[in-house]
*Asks:* 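Here it is, the structure, as structure tokens.
First the proteins, then the strands, lettered A, B, ... as listed; each starts at 1.
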2 protein chains.
Amino acid sequence: MAGKSVRADQVSATRELILTAAERLFAERGVYAVSNRRISEAAGQGNNAAVGYHFGTKADLVRAIARKHGGRIEQVRVRVLDEAGDSNDMRDWVGCLVRPVTEHLAALGSPTWYARFCAQVMTDPALHDIMTEESLASPALRCIVRRLHGSMPDLPAEVRSERGAMARQLIVHTCAERERALAESTPTPRASWHDTATGLVDAIVGMWRAPVTRRG
Amino acid sequence: MAGKSVRADQVSATRELILTAAERLFAERGVYAVSNRRISEAAGQGNNAAVGYHFGTKADLVRAIARKHGGRIEQVRVRVLDEAGDSNDMRDWVGCLVRPVTEHLAALGSPTWYARFCAQVMTDPALHDIMTEESLASPALRCIVRRLHGSMPDLPAEVRSERGAMARQLIVHTCAERERALAESTPTPRASWHDTATGLVDAIVGMWRAPVTRRG
DNA sequence: ACCTAAGTCAAGCGACTGATTTAATTGCGG
DNA sequence: CCGCAATTAAATCAGTCGCTTGACTTAGGT
């Protein structure tokens, strides 16, 4: 599985170093508060232009970070998708939405930075589209959403998209807030990522099941 | 009601000009992508240091914007708080949480920038605390939260705080997403801010009422 | 063994940043 | 009516930014 040449290994190691350093600095200081120079030196590269050389612009770097994690999350998605089988219980499909994220964060060990990174990128006007593209590139996710919608066929389309957006916001920002609390050693409502997922699923299922007030 | 002197009016007008220009640029381009210089010239001030003169650092400017809107929102809060009276229906208190925000955005006319501004500030590690402080400074909000908690006395404390945080995230980012869609002329799930509030209240009430899965 | 191509490094470019300083403008109180 | 103090304007500062350049190092092919 190792690279076919010593040189290629060196390169991918450098890229990985830059990627993780950038992710950490972005999460802790803010994406736009960190320059490519700082990232390069934090990654141990004497070259202050290493980021530009390997990735190009900052938007490209953000995309590379998102894609790296996106790949790992996608693997978990296909697994939970398989586990869910052909269930008709909405709760199972909400779990398929939530657990890939929380399990990925749990697998990263402690501390993590990705959730805070995602939250920032999702709210930044210049980077928002990047994250959206990378997320929509997941076939498993689209399948899960389809099955989720199938489990409540009589919900109006506008409410479906409205609550779908809410569920997305909830997952991203709840994870980011927990990650922030962990980083600051502040008390968290839940003891583990697994429990956090349970709380999220409870809340999102309740949200989806909520009766719709007729306009008037 | 006007200022007591011509000069004082001039000054507060300049401050207001800077405030609105900054809010707009922050929402459209990102808080850290906009320099104080750009804000000054967008506000029609030949002085490229006008922002620094009137407000100080960028964090101070952010706080000033948050405080300006916070004051208006607080007025709506005390009104809806009065309207809710001594209701025991949780839905009324969730409405007290949601409507001040949506009604304020509706009152601002179109387009608005404050919701996107808030979403960014809330997710930025360096600015997050500022927004939190400004929000917690609202006595009406604290009262509403107390009444809301009182309407579901048998909910465990951890779940209470967990879902409280979720409701916060939901309100901020749902409004920001709608505002973004309006700015880009993208279809929105709801036709008005009033309907958006209805959808938010439906969802949040459903979330609060959701049964809590026992850990296991 | 030598050459090519790719990766790394150090230096420097112009542009821009926040902050400070100086000068001109202007309403206000005496 | 005039000096004062506050505000705006303009110029300037040192520092950092992204980006480009050219030299150096080294793996892989011939």
Side-chain angles (χ1 to χ4, degrees), chain A residues 1-23 25-26 28-65 120-121 124 126-127 130, chain B residues 1-26 28-65 120-121 124-127 130:
Chain A
M1 188 59 82
K4 56 183 174 183
S5 75
V6 178
R7 192 53 165 270
D9 283 352
Q10 184 78 13
V11 171
S12 69
T14 302
R15 282 178 55 103
E16 198 64 24
L17 237 44
I18 292 174
L19 240 36
T20 57
E23 181 182 322
L25 290 174
F26 285 167
E28 289 178 345
R29 319 253 176 112
V31 174
Y32 280 103
V34 178
S35 70
N36 289 354
R37 279 179 141 84
R38 299 292 186 192
I39 297 169
S40 291
E41 60 189 48
Q45 301 296 303
N47 181 11
N48 59 20
V51 170
Y53 177 78
H54 283 283
F55 295 98
T57 154
K58 177 168 288 189
D60 297 327
L61 177 58
V62 167
R63 172 172 270 116
I65 297 174
Q120 281 183 58
V121 172
D124 187 281
L127 304 175
I130 294 177
Chain B
M1 185 64 80
K4 55 184 175 183
S5 75
V6 179
R7 192 55 163 276
D9 283 352
Q10 184 79 14
V11 170
S12 69
T14 302
R15 281 179 56 104
E16 198 65 22
L17 238 44
I18 292 174
L19 240 37
T20 58
E23 181 183 322
R24 172 178 190 159
L25 289 174
F26 285 167
E28 289 177 344
R29 317 251 176 114
V31 173
Y32 280 103
V34 177
S35 69
N36 289 354
R37 280 179 140 83
R38 299 291 185 194
I39 297 168
S40 289
E41 60 189 46
Q45 299 297 302
N47 181 10
N48 60 18
V51 170
Y53 177 78
H54 283 282
F55 295 98
T57 151
K58 177 168 287 191
D60 296 326
L61 178 56
V62 166
R63 171 172 271 117
I65 295 174
Q120 281 183 59
V121 172
D124 187 280
L127 303 175
I130 294 176

*Asks:* Hey, which of these two, A/N48 or B/H54, hits DNA chain D nearer its 5' end, going by closest nucleotide?
*Replies:*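 Counting from the 5' end, the first nearest nucleotide belongs to B/H54.
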
*Asks:* Is B/Y53 close enough to D/dT8 that one of its side-chain N or O atoms is under 4.0 Å from OP1 or OP2 there?
*Replies:*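 No, B/Y53 has no side-chain N/O under 4.0 Å of OP1/OP2 on D/dT8.
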
*Asks:* Just how far, in rounded Å, is P of D/dG18 from CZ of A/F55?
*Replies:*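 Atom CZ in A/F55 sits about 15 Å away from atom P in D/dG18.
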
*Asks:* Would you kindly compare B/R38 and A/A49 by the position of their nearest DNA chain C nucleotide and give the one closer to the 5′ end?
*Replies:*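 So the residue in question is A/A49.
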
*Asks:* What is the distance, rounded to the nearest whole Å, between atom CG of A/N36 and atom P of C/dA10?
*Replies:*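 Rounded to the whole Å, the gap is 18 Å.
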
*Asks:* Base, sugar-phosphate, or nothing: which does A/N47 touch, judged by heavy atoms less than 4.0 Å apart?
*Replies:* base

*Asks:* In whole angstroms, how far is the P atom of D/dT8 from the CD atom of B/E41?
*Replies:*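 So the CD-P distance, B/E41 to D/dT8, works out to 16 Å.
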
*Asks:* Taking it one step at a time, do A/V31 and A/L127 satisfy side chain to side chain contact (heavy atoms under 4.5 Å, CB included)?
*Replies:* CA-CA 10 Å; A/V31 174; A/L127 304 175; 3.8 Å; yes

*Asks:* For B/R37 and C/dT20, give me the distance from atom CZ to atom C1', rounded to whole Å.
*Replies:* 11 Å

*Asks:* Grab the CZ-C1' distance between B/R15 and D/dA6 for me, whole Å please.
*Replies:* 14 Å

*Asks:* With a cut-off of less than 4.0 Å, is there a side-chain N or O of B/T14 near OP1 or OP2 of D/dT8?
*Replies:*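 The answer is yes; a side-chain N or O of B/T14 sits under 4.0 Å from OP1 or OP2.
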
*Asks:* Please give, in whole Å, the distance from D/dC24 C1' to A/Q45 CD?
*Replies:* 16 Å

*Asks:* If you apply the rule side chain to side chain contact (heavy atoms under 4.5 Å, CB included), what do you find for B/F26 with B/V62, and how did you get there?
*Replies:* CA-CA 9 Å; B/F26 285 167; B/V62 166; 4.2 Å; yes

*Asks:* What distance do A/H54 atom NE2 and A/L19 atom CG have between them, rounded to the nearest 0.5 Å?
*Replies:* 11.0 Å

*Asks:* Can you list the residues that meet the side-chain hydrogen bond (donor to acceptor under 3.5 Å, both in side chains) rule with B/R63, with sequence neighbours excluded?
*Replies:* B/E133, B/E134

*Asks:* According to a strict under-4.0 Å criterion, is A/S35 in side-chain N/O contact with OP1 or OP2 of D/dT16?
*Replies:* no

